[in-house]
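The next block holds one structure in the form of structure tokens; read it before the comments.
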Protein chains: 2
Amino acid sequence: MARASATAEDTLSSELIRAAGVKVTRGRVRVLDALRAARQPLSHAEMEALPAGAGDAAIDRVTLYRVLDSLVACGLALKAVDTRGVFRFSAAGAQRQHAKHVHFRCTGCGGVFCLKAEPPPPPRLPRGFRLQQVEFDLRGLCAGCGALAS
Amino acid sequence: MARASATAEDTLSSELIRAAGVKVTRGRVRVLDALRAARQPLSHAEMEALPAGAGDAAIDRVTLYRVLDSLVACGLALKAVDTRGVFRFSAAGAQRQHAKHVHFRCTGCGGVFCLKAEPPPPPRLPRGFRLQQVEFDLRGLCAGCGALAS
DNA sequence: CCACTAATGCAACAGTGTTGCATTTGCCGG
DNA sequence: CCGGCAAATGCAACACTGTTGCATTAGTGG
Ligand SMILES: [Mn+2]
Ligand SMILES: [Mn+2]
Ligand SMILES: [Zn+2]
Ligand SMILES: [Zn+2]
């Protein structure tokens, strides 16, 4: 049974990287794969701890920073700071789906949790203002961090 | 001409600190003075570089961190992370008012506009999660920037 | 003024991110 | 398929931000 059409999700990371006009390296493919598979933005430390896939050597710490920067530079990844001040990266395009629900950002561990609720309708804007994005973020302690703090 | 009433701005930092139930020390007074005089949130590095007021010795780096933490803990200061991942501190009164309404952040000029609307009630959280803050930010183009872009 | 506790100063450390440079590797033209 | 070049990597060293432990000092209540 053939698929009707190839969606963005089906595209191989290596092809995305090639199309972006930069060299296709093992590091970039592995990192972009990880970002695209992740359900939340990942920090550098979390990616460094990734299972080193089938006999592959772990990626060097500095190289990982540079790989992430290169993915951001060519538009394949997004970089944002979490509540602890640590940078987190996500695959570009993951934003579309996350625009449809609310997020909880843990001030303890920096984690981002996708909630079921959808963002409330925006209030009326002053004349001439153009709305591009609605961000409804809740901040606090996640269950894990709250248990530690109590 | 006497003032009708002493406003929060007139209160000495030392009195605020005493009222908060912690010891009044030179460091706390100097730091809270600086935060209250600042027009934008200050980073630790910026405060360390503060003019060391009239022959006073500079505050120790670690002590400054602890002074800031104590001011946050007793509710006199607020701590937030900036886009570079560095923590910035502000006097509590400066932001308390902004918790009660929604903000519009212009992606064109970076301006922040306070809207009349108050933030919607937060959705139900997963078990164990503790809510500390609700942030309902609208992003887009303000009237001025929208006119330029059209 | 005393005593008790909280706060300070200093040293050492941890986590995050960057820079320089020699070596390796992806990629392209032949 | 090969050779060469630029880009990417690995490693060491570094910078900046923030934390912890501990001995000493200083604010406060009596
Ligand atoms: Mn989400
Ligand atoms: Mn406001
Ligand atoms: Zn957490
Ligand atoms: Zn604007």
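These values consider heavy atoms only, across backbone and side chains, with no hydrogens, waters or symmetry-generated copies. Per chain, numbering begins at 1; letters A, B, ... match sequence-line order.
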Check your understanding: With a 4.0 Å cut-off, would you call E46(B) and R88(B) a salt bridge?
Key -> yes
Check your understanding: Using a cut-off of 4.0 Å on non-hydrogen atoms, how would the nucleic acid contact of R66(B) be classed: base, sugar-phosphate, or nothing?
Key -> base
Review point. Below 4.5 Å, heavy atoms only, C-beta onward: do P122(B) and L131(B) meet side chain to side chain?
Key: yes
Point to revise | First encountered from the 5' end of DNA chain D, between V62(B) and T25(B) | key: V62(B)
Check your understanding: Got a sec, which pairs hit side chain to side chain donor-acceptor pair (under 3.5 Å) with one end in residues 116-127 of chain B, sequence neighbours left out?
Key -> none
Revision key, fill the gap. Rounded to whole Å, CG of L32(B) lies from P of dA7(C) at a distance of 15 Å
**Study point:** Separation of atom CD1 in I17(B) from atom P in dA7(C), rounded to whole Å
**Key:** 11 Å
Exercise for review: Indicate, with a heavy-atom threshold strictly under 4.0 Å, whether R61(B) touches base, sugar-phosphate, or nothing.
Suggested key: base
**Study point:** Donor-acceptor contact present, side-chain R28(A) to main-chain K23(A), <3.5 Å
**Key:** yes
Exercise for review: Consider only side-chain N and O atoms of T83(A) and R139(A), and report whether a donor and an acceptor are under 3.5 Å apart.
Suggested key: no
Exercise for review: Strictly below 4.0 Å, heavy-atom distances to any atom of DNA chain C: list the hits from residues 67-75 of chain A, or just say none.
Suggested key: none
**Study point:** Ring centres under 6.0 angstrom apart (Y65(B), H44(B))
**Key:** yes
Check your understanding: Rounded to whole angstroms, how far apart are CG on L64(A) and C1' on dT16(C)?
Key -> 12 Å
Check your understanding: First and last nucleotide of DNA chain D touching chain B, 5' to 3', heavy-atom cut-off 4.0 Å?
Key -> dT17(D) to dT28(D)
Review point. Just wondering, do F136(B) and P120(B) contact through their side chains at under 4.5 Å, heavy atoms?
Key: yes
Practice item. Please lay out, stage by stage, how V81(B) and V86(B) fare under the test side chain to side chain contact (heavy atoms under 4.5 Å, CB included). Key: CA-CA 5 Å; V81(B) 72; V86(B) 175; 6.0 Å; no
Point to revise | K23(B) NZ to dA6(C) C1', straight-line distance once rounded to whole Å | key: 4 Å
Practice item. Mind checking T63(A) for me? I need base, sugar-phosphate or nothing, with any heavy atom below 4.0 Å counting as a touch. Key: base
Review point. For the pair made of CG in D60(A) and P in dT24(C), what is the distance, rounded to whole Å?
Key: 15 Å
Practice item. Looking only at side-chain atoms of V86(A), point me to the closest of dT25(C), dT8(C), dT16(C). Key: dT16(C)
Point to revise | Sugar-phosphate only, base, or nothing, as touched by R18(B) at under 4.0 Å among non-hydrogen atoms | key: sugar-phosphate
Check your understanding: Taking the six-membered ring of F87(B) as reference, does the NZ or CZ atom of K79(B) fall below 6.0 Å from its centre and within a 45° cone about the axis?
Key -> yes
